[in-house]
Structure formats: C-alpha cells, structure tokens
Amino acid sequence: MPELPEVETTRRHLEPHLIGRTIREVRIHPGGERLAITHSPRELERELVGRRLESLGRRGKYLIAGLDDGRCWVVHLRMSGSLVWRKASDGAHAYERAWVELDDGGTLRFNDLRKFGTWHLVEDAVDAMPNLGPDALSEEFSAPWLRAQLGRRSIAVKSALLDQKVAAGVGNIYADEACFIASIDPRTPANRLGPRRVGRLHAGVLEALTRSLEDGGTSFSNYLDGNGDEGLHRIHVHVFRREGESCDRCGSTIRKIRLGGRGTHFCPGCQRR
DNA sequence: ACTATGCCCTGGGTGC
DNA sequence: TGCACCCAGGGCATAG
C-alpha cells in the first residue's frame with residue numbers, strides 16, 4: 001500500500017528521468033480505462049501528448065506533475081499502483097495499465113493490479129484533491145494542528161489519523177506504527193487525548209514516516225518504487241502485520257482487531273487508553 | 001459538522 | 001483438484 005514514504009520515494013526516483021522531458025506517446029491499456037477521472041481515456045492520451053514535464057511534486061499520497069501549459073497531471077496509486085521508469089524495450093509488468101513514452105526513449109509504466117489508481121488532468125492540483133489537509137511531513141502539520149483536529153472528533157484516534165484532512169499521507173501502516181511509538185491504544189477516542197499524548201502522537205507520526213522514508217518505503221503487497229524495486233522498511237515495522245509476535249518494547253503478544261473497517265495492529269501491554 | 005457504511009477491484013488464502 | 005467465500009484498504013458517495 002503506497003503511503004507517504006512510498007509515494008515520496010517514487011517521486012525522488014522518477015524526478016531526474018522526467019524533468020524537461022516531453023511526452024511523446026500515451027497508451028492507456030484495455031482494462032485500465034477507469035484510471036482516467038477527468039477525461040475519457042482517449043482524450044487523456046491526446047491531452048498529455050506533446051506536454052513537457054516541468055516539475056514533479058507530492059502532497060500526501062498524490063503525485064503532481066507540473067506541465068508546460070500550466071496544468072497538472074495528478075496520479076494516485078491507491079492500493080496496488082506503482083509508477084516505474086523503464087527503457088522502452090523492457091517488457092511489460094503483469095499488471096501494466098498504461099504506458100507513457102518520453103522524447104528520450106524512456107518510458108513510465110503505470111502498474112496496478114486492483115485498478116483503483118487514478119489520473120487527473122486539472123488546471124490546479126487542488127481540484128484533484130479537495131478536502132486534503134496538510135502534508136504530514138510539512139510545517140503545517142504541527143502538534144497544535146493535530147491537537148485541534150483530534151479535539152473535535154470522537155472517533156478512535158487511529159481512525160482520525162487515517163483522515164487525510166488531519167494528516168495527508170498517513171495510511172494504515174503508519175497510523176498503527178505512530179500509535180505504537182506514542183504508546184497509545186488505537187481505540188482511544190481522539191478527543192480524550194491530552195496535550196502531552198497528542199504531542200507524543202505527533203512525534204510518532206513523524207518518526208514512523210521519516211524512518212520508512214530513509215529506507216525507501218515499505219514492501220507490503222504490490223508496492224514497487226520508481227525503479228521497480230521493493231522497499232526495505234518491513235524489517236523496522238513494530239506492529240503492522242505482526243499479530244501473534246512479541247512486542248519489541250514489552251514482550252506482550254501483538255493483537256489484531258478491526259477498527260473502522262480497517263485491520264488494526266497494537267500491543268495490549270504497552271499501548272494505553 | 002461529524003460519523004458510519006458500502007462501493008470499487010482482483011489475487012491469495014482458507015475450508016469443504 | 002475445484003469451488004465458494006472472505007480479506008486486504010484509500011478515497012469517495014451517501015445517509016443519518
């Protein structure tokens with residue numbers, strides 16, 4: 001599942017291949033049509049051809065390519081998507097949904113087993129991501145901001161962390177990891193956390209994201225970075241998908257429950273309500 | 001304004 | 001071996 005560290009790793013890998021390049025051809029393959037949100041697949045192919053790529057940014061889990069006509073090509077990988085740079089002569093990945101050829105002969109391949117990924121072509125990037133809060137690694141995502149957001153929600157704190165209005169880029173892996181780092185039970189109502197615990201949670205979010213980013217992202221399910229490689233972060237995960245194993249911190253057995261429809265992993269020994 | 005639920009999608013795993 | 005079923009979950013629509 002690509003979350004902030006995985007999307008940022010992809011962005012860093014792709015940026016040197018893309019900047020200054022002009023798109024020569026775009027092919028959205030049969031079966032991949034649903035990725036096109038703002039245009040029909042054929043229109044989207046036509047509109048992208050001939051555009052020069054001027055920047056590659058990211059906000060939350062969205063990749064944002066700035067085009068020479070001022071518009072933005074916004075890509076979301078959702079559950080199983082990857083965007084990988086390849087030579088044109090390289091073979092297709094099993095779940096390749098689209099092909100983008102550049103003027104130097106390089107290609108971008110959009111792979112997506114479960115077809116949840118999206119492409120928007122918009123005047124302003126925010127048109128593709130309404131209601132998105134501050135990026136979790138930006139200055140705007142501060143402890144006071146988190147305190148204010150959690151204070152007006154009664155849902156479980158882990159569910160609140162998944163709300164992209166609260167912290168753009170945090171997904172299921174890092175929400176669980178942040179609660180563990182902060183020693184907070186993920187079921188605790190968000191508005192019952194005091195300032196000290198919110199401060200710990202804020203630090204936990206940053207630590208979980210930053211440490212994963214240093215290792216180039218996490219390799220669960222179908223994630224591939226911009227070079228087509230799996231990430232390494234799995235070895236550093238404290239609780240995610242470790243149910244039945246013992247806690248790094250206290251030795252208790254890690255549990256898995258369902259919270260807000262999501263699999264949730266935590267240590268019942270050292271994460272407190 | 002907030003909360004809960006269902007939908008989209010497909011491969012892998014489980015149980016019979 | 002085959003088949004039915006459930007699970008994974010990000011973001012959005014909808015209803016309450």
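Predicted, not measured: the structure shown is a model, and the values here were computed from it.
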Handout entry: Contact residues, residues 125-133 of chain A to DNA chain C [heavy atom, < 4.0 Å]
Key = none

Practice task
Could you walk me through whether A/R59 and A/D135 pass the salt bridge (Lys or Arg N to Asp or Glu O under 4.0 Å) test, one step at a time?
Solution key: CA-CA 6 Å; A/R59 184 164 163 204; A/D135 187 86; over 6 Å; no

Handout entry: Span of DNA chain C in contact with chain A (heavy atoms, under 4.0 Å)
Key =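 Nucleotide range in contact with chain A: C/dA8 to C/dC12.
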
Rounded to whole Å, how long is the line connecting atom [atom1] of [X] with atom [atom2] of [N]?
X	N	atom1	atom2	answer
A/L77	B/dC9	CG	P	18 Å
A/Q149	B/dA1	CD	C1'	12 Å
A/K115	B/dT10	NZ	P	4 Å
A/L35	B/dC9	CG	C1'	13 Å

Mind checking what makes ring-ring contact (aromatic ring centres under 6.0 Å, His included) contact with [X], not counting sequence neighbours?
X	value
A/W99	none
A/W73	A/W119
A/H93	none
A/H202	A/F141

Problem - Residues that, via side-chain heavy atoms closer than 4.5 angstrom, fall in one hydrophobic cluster with A/I155 - result: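 Result for A/I155 is none, singleton.
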
Problem - Side-chain hydrophobic cluster, 4.5 Å single linkage: members besides A/L132 - result: A/Y62, A/I64, A/V74, A/V122, A/M129

Exercise for the section: Could you list the residues that satisfy salt bridge (Lys or Arg N to Asp or Glu O under 4.0 Å) with A/R262, not counting sequence neighbours? Expected result: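 In terms of salt bridge (Lys or Arg N to Asp or Glu O under 4.0 Å), with neighbours along the sequence ignored, A/R262 is linked to no residue.
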
Completion exercise
A/P16 meets the side-chain contact (heavy atoms from CB on, under 4.5 Å) criterion, sequence neighbours left out, with none

Practice task
Tell me, please, which residues at least two apart from A/D104 pass side-chain contact (heavy atoms from CB on, under 4.5 Å).
Solution key: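 For A/D104 the side-chain contact (heavy atoms from CB on, under 4.5 Å) partners, ignoring immediate neighbours, are A/R21, A/L102.
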
Practice task
Using a heavy-atom cut-off of under 4.0 Å over every strand shown, decide if A/K165 touches base, sugar-phosphate, or nothing.
Solution key: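 The residue A/K165 makes no contact with any strand.
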
Practice task
Looking at every strand, decide which applies to A/G263 at a 4.0 Å heavy-atom threshold: base, sugar-phosphate, or nothing.
Solution key: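 Here A/G263 touches the backbone only, sparing every base.
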
Practice task
For A/E54 and A/G20, indicate whether the former's side chain and the latter's backbone hold a donor-acceptor pair under 3.5 Å.
Solution key: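 Side chain of A/E54 to backbone of A/G20, a donor-acceptor pair under 3.5 Å: no, none is there.
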
Write out a two-atom table: protein N or O, nucleotide N or O from nucleotides 3-5 of chain B, distance below 3.5 Å.
residue: B/dT3; atom: OP1; partner: A/S154; partner atom: N; Å: 2.4
residue: B/dT3; atom: OP1; partner: A/S154; partner atom: OG; Å: 2.9
residue: B/dT3; atom: OP1; partner: A/I155; partner atom: N; Å: 3.2

